[in-house]
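In what follows, residues are counted from 1 in the order of the sequence shown. Keep in mind it's a predicted model, so treat the numbers as computed, not measured. The analysis underlying the following values was restricted to heavy atoms, covering all of them including side chains, and did not include hydrogens, waters or symmetry mates.
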Amino acid sequence: QVQLVESGGGLVQSGGSLTLSCAASRNIFRSKTMGWYRQAPGKQRELVAAITSDGITNYSSSVKGRFTISRDNAKNTVNLQMNSLKPEDTANYYCWAAPLFWGQGTQVTVSS
């Protein structure tokens, strides 16, 4: 069973920082694009950031310049460093691996 396990969510004040981590259970993810999606209540799930196996990154315009995605292929992990957090970043964040592998989600709540 392929698994993606997230950690690092929580409650933070506006302007604060959090780091999300995703651990993949199998080495097959080393060759796959991975990333983070988020879903706020009443809204569609949206891409936050993605990174290819070669380290090419892509960010949503709403987080560009504030969030940084990185990966460690030796450890099968992908991280999302989130700085200057805003209340509108509040959502459930999901780790994703191409094509359709998902983690269970971790809640991020930013208070104003």
Side-chain angles (χ1 to χ4, degrees):
Q1 181 81 15
V2 174
Q3 286 186 318
L4 298 172
V5 180
E6 302 102 333
S7 62
L11 174 64
V12 65
Q13 288 188 334
S14 181
S17 298
L18 280 176
T19 300
L20 304 183
S21 295
C22 174
S25 62
R26 292 178 59 182
N27 292 341
I28 62 170
F29 290 106
R30 293 180 181 179
S31 64
K32 295 187 180 293
T33 295
M34 298 184 70
W36 293 89
Y37 280 73
R38 67 185 181 187
Q39 188 168 20
K43 294 188 177 181
Q44 288 188 330
R45 191 173 294 192
E46 63 173 357
L47 175 67
V48 176
I51 184 167
T52 68
S53 58
D54 295 329
I56 298 171
T57 59
N58 181 42
Y59 294 93
S60 163
S61 59
S62 63
V63 307
K64 202 166 187 178
R66 299 188 296 123
F67 292 11
T68 302
I69 190 170
S70 61
R71 67 189 294 166
D72 185 333
N73 288 334
K75 297 181 179 179
N76 293 334
T77 58
V78 60
N79 294 329
L80 185 67
Q81 174 67 42
M82 305 185 294
N83 297 327
S84 302
L85 283 161
K86 304 175 182 180
E88 51 263 44
D89 294 317
T90 295
N92 207 6
Y93 284 70
Y94 296 90
C95 182
W96 164 80
L100 287 173
F101 297 100
W102 295 96
Q104 80 286 355
T106 185
Q107 179 67 36
V108 171
T109 302
V110 184
S111 63
S112 57

Ignoring hydrogens and geometry, is there a side-chain-to-backbone donor-acceptor pair from E6 to Q104 under 3.5 Å? yes
Expected output: side-chain S25 to main-chain Q3 donor-acceptor under 3.5 Å: yes
If you define the side chain from C-beta out and look only at heavy atoms, does anything of S53 sit under 4.5 Å from F29? no
Among the clusters formed by ILVMFWY side chains lying less than 4.5 Å apart, do V78 and W102 turn up in the same one? no
Report yes or no: do L100 and M34 belong to one cluster of Ile/Leu/Val/Met/Phe/Trp/Tyr joined by side chain heavy-atom distances under 4.5 Å? no
Donor-acceptor pair, T52 side chain versus T33 backbone, under 3.5 Å? no
Testing the basics here: between R38 and D89, what is the closest heavy-atom pair and its distance to 0.1 Å? NH1-OD1, 2.9 Å
Between Y37 and the options W96, Y93, Y94, F101, the ring-ring contact (aromatic ring centres under 6.0 Å, His included) test singles out W96
CH2 (W36) and CD1 (I69) are apart, to the nearest 0.5 Å, by 8.0 Å
For residues S84 and R66, report the shortest heavy-atom separation together with the two atoms involved. O-NH1, 2.9 Å
Give, for atom CG of N76 and atom CZ of R71, the distance between the pair rounded to the nearest 0.5 Å. 8.5 Å
N79 versus Q81, side-chain donor and acceptor atoms under 3.5 Å: no
Mind checking the CG-CZ spacing from L20 to F67? Nearest 0.5 Å is all I need. 8.0 Å
Might you point out which heavy atoms bring K32 and P99 nearest each other, and give the distance in Å? NZ-CD, 4.3 Å
Answer yes or no: is there a side-chain heavy-atom contact under 4.5 Å between V12 and T109? no
Distance-minimising heavy-atom pair for K43 and Q39: O-NE2, 3.1 Å
Within the 4.5 Å heavy-atom criterion, are V108 and M82 side-chain neighbours or not? yes
With a 3.5 Å distance limit and no angle check, can you tell me whether D54 reaches the backbone of I56 through a side-chain donor-acceptor pair? no
Over all heavy atoms of both residues, which pair between P87 and S14 is shortest? Give the atoms and the distance, please. CD-OG, 3.8 Å
Counting C-beta onward and ignoring hydrogens, is there a side-chain heavy-atom pair between L4 and C22 closer than 4.5 Å? yes
Donor-acceptor contact present, side-chain N83 to main-chain S17, <3.5 Å: no
To the nearest 0.5 Å, what is the distance between CG on L80 and OG1 on T68? 8.0 Å
Stepwise, does the side chain to side chain donor-acceptor pair (under 3.5 Å) test hold for T77 with D72? CA-CA 5 Å; T77 58; D72 185 333; 4.9 Å; no
